[in-house]
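These notes concern the structure reproduced below.
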Amino acid sequence: MSTPHFEPLGDDALLVRFGERIGADTNAQVHRLAARLRDRSPSWLRDLVPAYASLAVFFDADRLPNGDAHAAVGDTVTALLSDPSSRPSADSVLHEVPVCYGGEYGEDLVEAAQALGLDAGTLIARHSGPLYTVAMIGFAPGFPYLLGLDSALALPRLATPRTRVPAGSVAIGGAQAGIYPRASPGGWRLLGRTPRVLFDVARAQPALLQPGDRVRFVPIDEATFRDMAGSP
């Protein structure tokens with residue numbers, strides 16, 4: 001396990017950095033620490049923001065001993081990481097995300113397959129085969145950056161981003177996979193689209209996918225997509 005490095009992040013947050021690179025092992029350390037802090041739930045904890053290789057810990061300085069609040073939070077983090085009995089109490093959630101690949105739902109599927117030397121069916125099978133981890137949420141509310149893409153499917157982003165990507169678009173950008181929760185500009189390659197609503201402010205938890213969750217893509221046909229999209 002990497003020894004974390006602590007960096008003050010303003011007056012009310014501490015950045016716990018485990019490394020500088022994107023990697024499954026490092027990201028797992030981030031989510032383990034986040035789960036331990038949520039499980040311990042210290043009175044000063046306000047929020048946790050996981051990223052690929054770091055965790056931002058936001059705190060209420062008034063609930064910490066007088067002196068260096070950042071150091072106090074760092075001491076708590078160090079103790080949690082070094083305590084073998086300190087384990088998160090809940091497992092990550094597995095989401096099966098239906099995806100209609102290709103055609104109007106995935107405009108870049110055929111071109112991406114050709115660039116990779118594959119046929120479209122093989123690309124779909126290899127994209128939907130892995131179990132992905134939600135490494136972090138960013139770019140837009142509810143946008144999941146997913147770790148687990150087959151390294152052989154990595155492709156550069158589009159040279160010219162689209163001005164509008166439809167909501168629910170399932171895409172790859174570089175060595176990452178992601179899902180656009182709302183219509184927005186974007187430069188990732190679109191392979192398909194899901195009828196699932198990834199972000200809804202009316203829900204108690206607006207973002208469907210949370211950092212640390214697992215995702216499995218399930219291919220569906222157009223008729224199923226339309227049926228699911230029309231369901232409540």
Side-chain angles (χ1 to χ4, degrees), residues 1 16 18-19 21-41 45-58 80-81 86-101 124 126-151 153 165 167-182 184 186 188 190-220 225 228-229 231:
M1 183 177 72
V16 184
F18 288 93
R21 297 183 178 181
I22 295 175
D25 291 342
T26 301
N27 190 244
Q29 289 181 258
V30 171
H31 294 303
R32 281 196 295 269
L33 175 58
R36 291 177 182 183
L37 281 166
R38 291 191 191 98
D39 194 49
R40 182 67 60 89
S41 191
L45 182 62
R46 293 177 53 209
D47 198 10
L48 296 169
V49 181
Y52 274 116
S54 64
L55 178 68
V57 182
F58 289 84
L80 283 174
L81 292 174
S86 176
R87 294 289 182 269
S89 59
D91 294 328
S92 61
V93 178
L94 173 61
H95 302 265
E96 292 196 340
V97 177
V99 182
C100 184
Y101 286 92
I124 292 170
R126 293 179 68 170
H127 179 265
S128 60
L131 184 63
Y132 295 85
T133 298
V134 181
M136 58 180 283
I137 300 294
F139 170 63
F143 184 103
Y145 286 83
L146 303 174
L147 279 175
L149 181 70
D150 184 337
S151 60
L153 302 185
V165 173
S169 291
V170 175
I172 56 175
Q176 305 168 91
I179 312 172
Y180 288 82
R182 290 184 173 182
S184 68
W188 290 26
L190 310 183
L191 303 186
R193 198 181 309 167
T194 179
R196 298 288 297 275
V197 177
L198 265 69
F199 190 82
D200 184 351
V201 294
R203 292 193 297 229
Q205 182 170 278
L208 175 66
L209 307 179
Q210 297 294 311
D213 285 355
R214 301 300 178 94
V215 171
R216 188 183 301 281
F217 292 123
V218 180
I220 59 174
F225 179 96
M228 295 180 71
S231 303

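Reckoned from all heavy atoms, side chains included, excluding hydrogens, waters and symmetry mates. All of these numbers come straight from a predicted model, not from anything done at the bench.
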Please examine the side chains of [Y] and [X], heavy atoms only from C-beta on, and report whether any two atoms are closer than 4.5 Å.
X	Y	result
Leu81	Arg32	no
Ile220	Pro195	yes
Leu33	Gln29	no

Side chain to side chain contact (heavy atoms under 4.5 Å, CB included) with [X]: which residues, sequence neighbours excluded?
X	result
Pro219	Tyr101, Ile124, Ser128
Ala51	Ser54, Met136
Arg46	Asp12, Phe58, Asp60
Arg203	Val197, Asp200, Leu208

Closest contact, heavy atoms only, Ala135 versus His31
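Distance-wise, the nearest heavy atoms are O-NE2, 3.1 Å.
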Minimum heavy-atom distance between Pro130 and Gly148, given as atom pair plus value
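The answer is CB-O, 3.4 Å.
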Qualifying side chain to side chain donor-acceptor pair (under 3.5 Å) pairs, either residue in residues 205-216, two or more places apart:
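Side chain to side chain donor-acceptor pair (under 3.5 Å) check on residues 205-216 returns His95-Asp213, Thr133-Arg214.
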Kindly compute the distance separating CG (Leu209) from CG (Leu198), expressed to the nearest 0.5 Å.
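These two atoms lie 5.0 Å from each other.
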First locate atom CG of Leu131, then atom CG of Leu147, and finally report the distance between them rounded to the nearest 0.5 Å.
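So the CG of Leu131 and the CG of Leu147 are separated by 11.5 Å.
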Using ring pair (Phe, Tyr, Trp, His ring centres under 6.0 Å) as the criterion, list what pairs up with Phe217, not counting sequence neighbours.
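Phe217 satisfies ring pair (Phe, Tyr, Trp, His ring centres under 6.0 Å) with His127, Tyr132 only.
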Taking salt bridge (Lys or Arg N to Asp or Glu O under 4.0 Å) as the cut-off, I'd like each qualifying pair that reaches into residues 141-151, sequence neighbours left out, listed once.
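Counting only pairs at least two positions apart or across chains, the salt bridge (Lys or Arg N to Asp or Glu O under 4.0 Å) contacts touching residues 141-151 are Arg126-Asp150.
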Check this for me: Asp25, atom CG, are more than 12 non-hydrogen atoms of other residues, nucleotides or ligands nearer than 6.0 Å?
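For Asp25, atom CG is not crowded (no more than 12 foreign heavy atoms under 6.0 Å).
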What residues form a side-chain hydrogen bond (donor to acceptor under 3.5 Å, both in side chains) with Arg182, not counting sequence neighbours?
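By the side-chain hydrogen bond (donor to acceptor under 3.5 Å, both in side chains) rule, Arg182 matches no residue at all.
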Do any N or O atoms from the side chain of Arg196 and from the backbone of Glu96 form a donor-acceptor pair under 3.5 angstrom?
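Answer holds: yes.
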Could you walk me through whether Val97 and Val218 pass side chain to side chain contact (heavy atoms under 4.5 Å, CB included), step by step?
CA-CA 6 Å; Val97 177; Val218 180; over 6 Å; no
Only distances under 3.5 Å count here; give the side-chain donor-acceptor pairs of residues 139-146 to other protein atoms, sequence neighbours excluded, each with its distance to 0.1 Å.
none

Report all side-chain donor-acceptor pairs from residues 169-181 shorter than 3.5 Å, counting only partners two or more places apart or in another chain.
from, atom 1, to, atom 2, distance (Å)
Ser169, OG, Pro166, O, 2.8
Gln176, OE1, Tyr52, OH, 2.3
Tyr180, OH, Trp188, N, 3.4

